[in-house]
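Everything below concerns the one structure shown next.
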Number of protein chains: 2
Amino acid sequence: MSRAENRLETTQAIQETARRHLAEVGPAALSLRAIARDVGMVSSAVYRYFPSRDHLLTALIVEAYDELGAAVEAADTGVRRRGDLAKRFAAVCHAVHDWARAHPHEYALIYGSPVPGYAAPDTTIASAARVPGTLLRIAEESERAERALGAPTRAVGARERTALGGIRPALDVEMGDDRLVRWMMAWTSLFGHISLELFGHMYRGVLDYDTHFAHVVTQLADDLGLSG
Amino acid sequence: MSRAENRLETTQAIQETARRHLAEVGPAALSLRAIARDVGMVSSAVYRYFPSRDHLLTALIVEAYDELGAAVEAADTGVRRRGDLAKRFAAVCHAVHDWARAHPHEYALIYGSPVPGYAAPDTTIASAARVPGTLLRIAEESERAERALGAPTRAVGARERTALGGIRPALDVEMGDDRLVRWMMAWTSLFGHISLELFGHMYRGVLDYDTHFAHVVTQLADDLGLSG
DNA sequence: AGCAAAACGAGAGCGGTGCTCTCGATTCTG
DNA sequence: CAGAATCGAGAGCACCGCTCTCGTTTTGCT
């Protein structure tokens, strides 16, 4: 086996083991030494492949973003043929919800508190943008179809318009500011809901998470004008 | 100085120092030994006052909940005389936002990923309930005033009604399910927005956090039927 | 008032962590 | 083929949470 092959293989072995440990003990308790022991090498050897624990965590962050992004994109394309925007939106929302429930530690890693002194290098932003990107694709579709928003939406002034200026470059169509605001709110609602649920803030308040989440998703779809 | 006084004083000194360290280095890097050094005692002595690092963290969690709760309640009562529900709602939302921005590590401690193996003993829930409680008080007021919701809201079925059953005991007035759902959504929107903003997920997307947040708050107030 | 009991601070120590450095062995490359 | 780069292993540093022991001090009961 060539040196390059070997390097790739050990790198992956480390990352896979780290991923397993992450799923079991969470980001905070993730130990580089324990990972090294599990892989079968001494701890200092790991530093040949990841310069620090944080770099390893960053790799796991990118991996988590990509897995969530892939799940969401798959859910979207799975129902896209139907042309039903509400269904697409619901599929995406439930995909995020399901993935978060199935991978709580990974979700916490990317959407919880930033872990170390943290750094989100540019490598992560592409992966991180996959979920918002998928949502924006549906938004664009509803814009193209000239669907009216389902809830009366406040006119957007010049300041708020420029405040959202960073999103427009990611859009392929001209979109009304009111619609963009509604989609921003849907995005924050979605992740706010999941975070509050997963981190225990709905404990004893909401008795049936799935039912309530499904209801909220349909309400958001209504507000966005995707239904009916 | 009596032993009881001394104990109280040392306990507070430890907690205050811990709080300072928390604000500087964050929950993950909070070191019991460093706190002990700063207070001027040896690390093992701290265990006379807090049985473990997690217990100390729990104390800080309760403290953070209470400080945020107090800030929010103060903001609410500060504008309550006006009787303007939209203003009350806005004051509360901005109080949460301002506090979170001013105390990012404390916010992350209570609304970010659950820190250790974590445990949220019953002592915390009363403190944690102050913000949702304040929101519900405004919701009750709007119910009493028979304000119509500002956005068309889906009828709530029996399942969703029972799913929200845990919240009703906290309500003093009978409230329509559609209104309750809207307030739940406002709650998740609020904290979802703040978390996504604070944890860096709006980076390069939203260019002016304050403007956008203010806009969203007014939109939420509209949806809840608090405006005009 | 005297004395046992409880509370306390200090210190040593255990096993764990992230990370650095050095040293041979292996592999690649010119 | 020789020099250079890469790699795994080990020792070691400073730190961590936590436990235990040991004098000292304060408390509360008789």
Side-chain angles (χ1 to χ4, degrees), chain A residues 1-22 24-61 105 109 113-119 121, chain B residues 1-22 24-61 105 109 113-119 121:
Chain A
M1 179 146 41
S2 87
R3 190 152 243 178
E5 290 171 329
N6 214 318
R7 177 165 189 85
L8 192 75
E9 199 162 294
T10 12
T11 306
Q12 287 175 345
I14 293 171
Q15 190 162 337
E16 283 168 19
T17 307
R19 174 81 192 274
R20 260 193 8 253
H21 284 214
L22 170 66
E24 286 168 12
V25 302
L30 197 144
S31 154
L32 206 134
R33 288 178 112 112
I35 295 166
R37 276 194 299 271
D38 207 346
V39 175
M41 49 161 78
V42 91
S43 74
S44 63
V46 177
Y47 288 84
R48 302 282 184 195
Y49 301 88
F50 295 92
S52 81
R53 180 180 174 277
D54 286 358
H55 283 78
L56 178 53
L57 264 178
T58 302
L60 295 179
I61 288 175
H105 284 135
L109 179 65
S113 346
V115 212
Y118 84 86
Chain B
M1 177 145 42
S2 87
R3 189 151 244 176
E5 291 171 327
N6 214 318
R7 176 166 190 86
L8 192 75
E9 200 162 292
T10 327
T11 306
Q12 287 176 344
I14 294 171
Q15 191 162 335
E16 281 169 20
T17 308
R19 174 80 192 275
R20 260 194 6 254
H21 285 214
L22 170 66
E24 287 168 11
V25 302
L30 197 144
S31 152
L32 205 135
R33 289 178 112 111
I35 295 166
R37 275 194 300 270
D38 208 345
V39 175
M41 49 161 81
V42 91
S43 74
S44 63
V46 178
Y47 287 85
R48 302 282 185 194
Y49 301 88
F50 294 91
S52 82
R53 180 180 173 276
D54 285 358
H55 283 78
L56 178 53
L57 263 178
T58 302
L60 294 180
I61 289 175
H105 284 134
L109 179 65
S113 345
V115 211
Y118 86 84

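Residue numbers start from 1 in every chain, and the chains themselves are labelled A, B, ... in the order their sequence lines are given, proteins ahead of strands. Below, all heavy atoms of this structure are taken into account, side chains as well, without hydrogens, waters or symmetry copies.
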Whole-Å gap separating [atom2] ([N]) and [atom1] ([X]):
{"X": "Arg7(B)", "N": "dA6(C)", "atom1": "CZ", "atom2": "C1'", "answer": "12 Å"}
{"X": "Glu5(A)", "N": "dC7(D)", "atom1": "CD", "atom2": "P", "answer": "13 Å"}
{"X": "Met41(B)", "N": "dG11(C)", "atom1": "CE", "atom2": "P", "answer": "13 Å"}
{"X": "Leu32(A)", "N": "dT17(C)", "atom1": "CG", "atom2": "P", "answer": "10 Å"}
{"X": "Asn6(B)", "N": "dT27(D)", "atom1": "CG", "atom2": "P", "answer": "9 Å"}
{"X": "Phe50(B)", "N": "dG17(D)", "atom1": "CZ", "atom2": "C1'", "answer": "16 Å"}
{"X": "Asp54(B)", "N": "dG17(D)", "atom1": "CG", "atom2": "P", "answer": "10 Å"}
{"X": "Ile14(A)", "N": "dC7(D)", "atom1": "CD1", "atom2": "P", "answer": "11 Å"}

* To do: Taking atom types as modelled, find out whether His55(B) and Ser52(B) have a side-chain donor-acceptor pair closer than 3.5 angstrom.
  => yes
Should Tyr49(B) be listed as having a side-chain N or O under 4.0 Å from OP1 or OP2 of dA7(C)?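 So the side-chain polar atoms of Tyr49(B) never come under 4.0 Å of the phosphate oxygens OP1 or OP2 of dA7(C).
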- Query: Just to confirm, is there a sub-4.0 Å distance from OP1 or OP2 of dG18(C) to any side-chain nitrogen or oxygen of Ser43(A)?
  - Reply: no
Judged by each residue's nearest nucleotide on DNA chain D, which is more toward the 5′ side, Arg33(A) or Ala45(A)?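 Of the two residues, Ala45(A) wins.
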> Under 4.0 angstrom, heavy atoms only, what part of the nucleic acid is Ser44(A) near: base, sugar-phosphate, or nothing?
Replying inline: base
Next item on the list: Quick one: label Leu56(B) by what it contacts on the DNA or RNA (base, sugar-phosphate, nothing), any heavy atom closer than 4.0 Å.
Entry: nothing
Has [X] got a side-chain atom pairing as donor or acceptor with [Y]'s backbone, closer than 3.5 angstrom?
{"X": "Gln12(B)", "Y": "Glu9(B)", "value": "no"}
{"X": "Arg20(A)", "Y": "Gln15(A)", "value": "no"}
{"X": "Thr17(B)", "Y": "Val39(B)", "value": "no"}
{"X": "Thr11(B)", "Y": "Tyr49(B)", "value": "no"}
{"X": "Glu5(A)", "Y": "Ser2(A)", "value": "yes"}

- How long is the gap from CZ on Phe50(B) to CG on Leu32(B), to the nearest 0.5 Å?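 If we round to the nearest 0.5 Å, Phe50(B):CZ and Leu32(B):CG are 9.0 Å apart.
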5' to 3', nucleotides 24-30 of chain C under a 4.0 Å protein heavy-atom cut-off (B base, S sugar-phosphate only, - none) gives --BBS--
